Amino acid sequence: QVQLVESGGGLVQPGGSLRLSCAASRSIFSVNVMGWYRQAPGNQRELVAVISSRGNSNYADSVKGRFTISRDGVKNTVYLQMNNLKPDDTAVYYCNVHFPSDNSDIWGQGTQVTVSS
């Protein structure tokens with residue numbers, strides 16, 4: 001079982017930046033799809049960004065130009081660099097690893113991001 005440990009969340013003012021990290025317990029990124037999701041109170045969990053094993057990435061329209069997803073295969077870590085944060089970005093952010101072989105997913109524990117003055 002792969003474990004995902006998230007870090008980097010916190011409180012930031014509008015316009016500020018945070019970098020989220022998601023470290024996997026073993027090497028998985030060469031054969032799997034990784035992503036970041038978020039969920040605000042009363043809302044459904046939504047996809048924020050995803051990166052494939054080939055390094056191709058996609059983003060939700062609401063974060064394009066502000067967020068960047070990346071990965072480090074040596075460190076078994078995926079990152080989400082968040083710039084120009086807005087109050088609407090406030091949510092719990094979850095790291096995800098998708099296994100295409102059986103259409104299963106592993107999730108991180110979630111990290112709170114709060115954007116407020």
Side-chain angles (χ1 to χ4, degrees):
Q1 177 69 31
V2 176
Q3 292 182 303
L4 304 177
V5 180
E6 301 180 30
S7 62
L11 175 64
V12 65
Q13 294 183 337
S17 298
L18 287 172
R19 188 182 73 162
L20 306 183
S21 298
C22 175
S25 59
R26 65 176 179 85
S27 179
I28 55 172
F29 298 133
S30 63
V31 296
N32 293 285
V33 179
M34 297 75 65
W36 288 95
Y37 292 71
R38 67 186 182 187
Q39 187 168 20
N43 293 349
Q44 295 184 2
R45 187 172 298 186
E46 64 176 351
L47 177 66
V48 177
V50 62
I51 186 167
S52 73
S53 60
R54 299 179 64 87
N56 300 317
S57 59
N58 286 284
Y59 301 88
D61 288 341
S62 59
V63 307
K64 286 181 179 178
R66 300 188 296 120
F67 291 11
T68 303
I69 187 171
S70 62
R71 65 182 184 182
D72 187 326
V74 176
K75 297 181 179 179
N76 297 323
T77 302
V78 61
Y79 304 93
L80 185 68
Q81 178 67 46
M82 305 184 294
N83 298 325
N84 192 23
L85 283 161
K86 305 176 184 298
D88 285 348
D89 296 320
T90 296
V92 178
Y93 285 71
Y94 297 91
C95 179
N96 168 270
V97 176
H98 180 68
F99 296 85
S101 59
D102 59 359
N103 197 33
S104 64
D105 295 89
I106 294 177
W107 297 88
Q109 81 279 9
T111 184
Q112 177 71 47
V113 172
T114 302
V115 185
S116 175
S117 299

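We count residues from 1, following the sequence as given. Only a predicted model underlies this, so the values are computations on that prediction, with no experimental measurement involved.
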To the nearest 0.5 angstrom, please state how far the CG atom of Leu20 sits from the OG atom of Ser7.
8.0 Å
Taking the side chain as C-beta and beyond, is there a heavy-atom pair between Pro87 and Ser116 under 4.5 Å?
no
Is atom CD of Gln112 surrounded by more than 12 heavy atoms (other residues, nucleotides or ligands) closer than 6.0 Å?
yes
Test applied, side-chain contact (heavy atoms from CB on, under 4.5 Å); reference residue, Val63; option that passes from Arg38, Met82, Lys86
Arg38
Hey, are the side chains of Leu4 and Ile106 touching, using non-hydrogen atoms and a 4.5 Å cut-off?
yes
Classify the ring geometry between Tyr93 and Phe67 as parallel (under 30°), tilted (30 to 60°) or perpendicular (over 60°).
tilted
Are Leu85 and Leu11 co-members of a hydrophobic cluster defined by side-chain heavy atoms under 4.5 Å apart?
no
Nearest heavy-atom contact between Ala91 and Ala40 is CB-N, 3.9 Å
Minimum heavy-atom separation for Val92 and Gly110, please, with both atom names.
CG1-CA, 3.8 Å
Any chance you could lay out the side-chain contact (heavy atoms from CB on, under 4.5 Å) test for Val2 and Val97, step after step, and finish with the verdict?
CA-CA 9 Å; Val2 176; Val97 176; 5.6 Å; no
Would you say that Gln44 contacts Tyr37 through its side chain, given a criterion of any heavy-atom pair below 4.5 Å between the two side chains?
no
Under a 3.5 Å threshold, yes or no: a donor from one side chain and an acceptor from the other, between Asn83 and Ser17?
yes
Value for OH (Tyr79) from OG1 (Thr68), rounded to nearest 0.5 Å, stands at 14.0 Å
Will you find, in the side chains of Thr111 and Gln109, an N or O donor that is under 3.5 Å from an N or O acceptor?
no
What distance separates Cys22 SG from Tyr94 OH, expressed to the nearest 0.5 Å?
13.0 Å
Sidechain-backbone polar pair: Ser57 side chain, Ile51 backbone, donor-acceptor under 3.5 Å
no
So, the side chain of Thr90 versus the backbone of Thr114: is there a donor-acceptor pair under 3.5 Å, distance only?
no
Rounded at 0.5 Å granularity, tell me how far CZ in Arg71 sits from OG in Ser52.
6.0 Å
Applying the 4.5 Å side-chain criterion to the ILVMFWY set and letting contacts propagate, would Leu47 and Trp107 be lumped into a single cluster?
yes
May I ask you to decide if Ile69's main-chain N or O and Tyr59's side chain share a donor-acceptor pair within less than 3.5 Å?
yes
Spell out, as yes or no, whether a donor-acceptor pair under 3.5 Å connects the side chain of Glu6 to the backbone of Cys95.
yes
Evaluate the side-chain contact (heavy atoms from CB on, under 4.5 Å) criterion for residues Phe99 and Asp105: first the C-alpha distance (whole Å), next the side-chain angles of each, then the deciding distance (0.1 Å), finally the verdict.
CA-CA 6 Å; Phe99 296 85; Asp105 295 89; over 6 Å; no
Donor-acceptor under 3.5 Å (His98 side chain, Met34 main chain):
no
Side chains of Val113 and Leu18 in contact at under 4.5 Å (non-hydrogen atoms)
yes
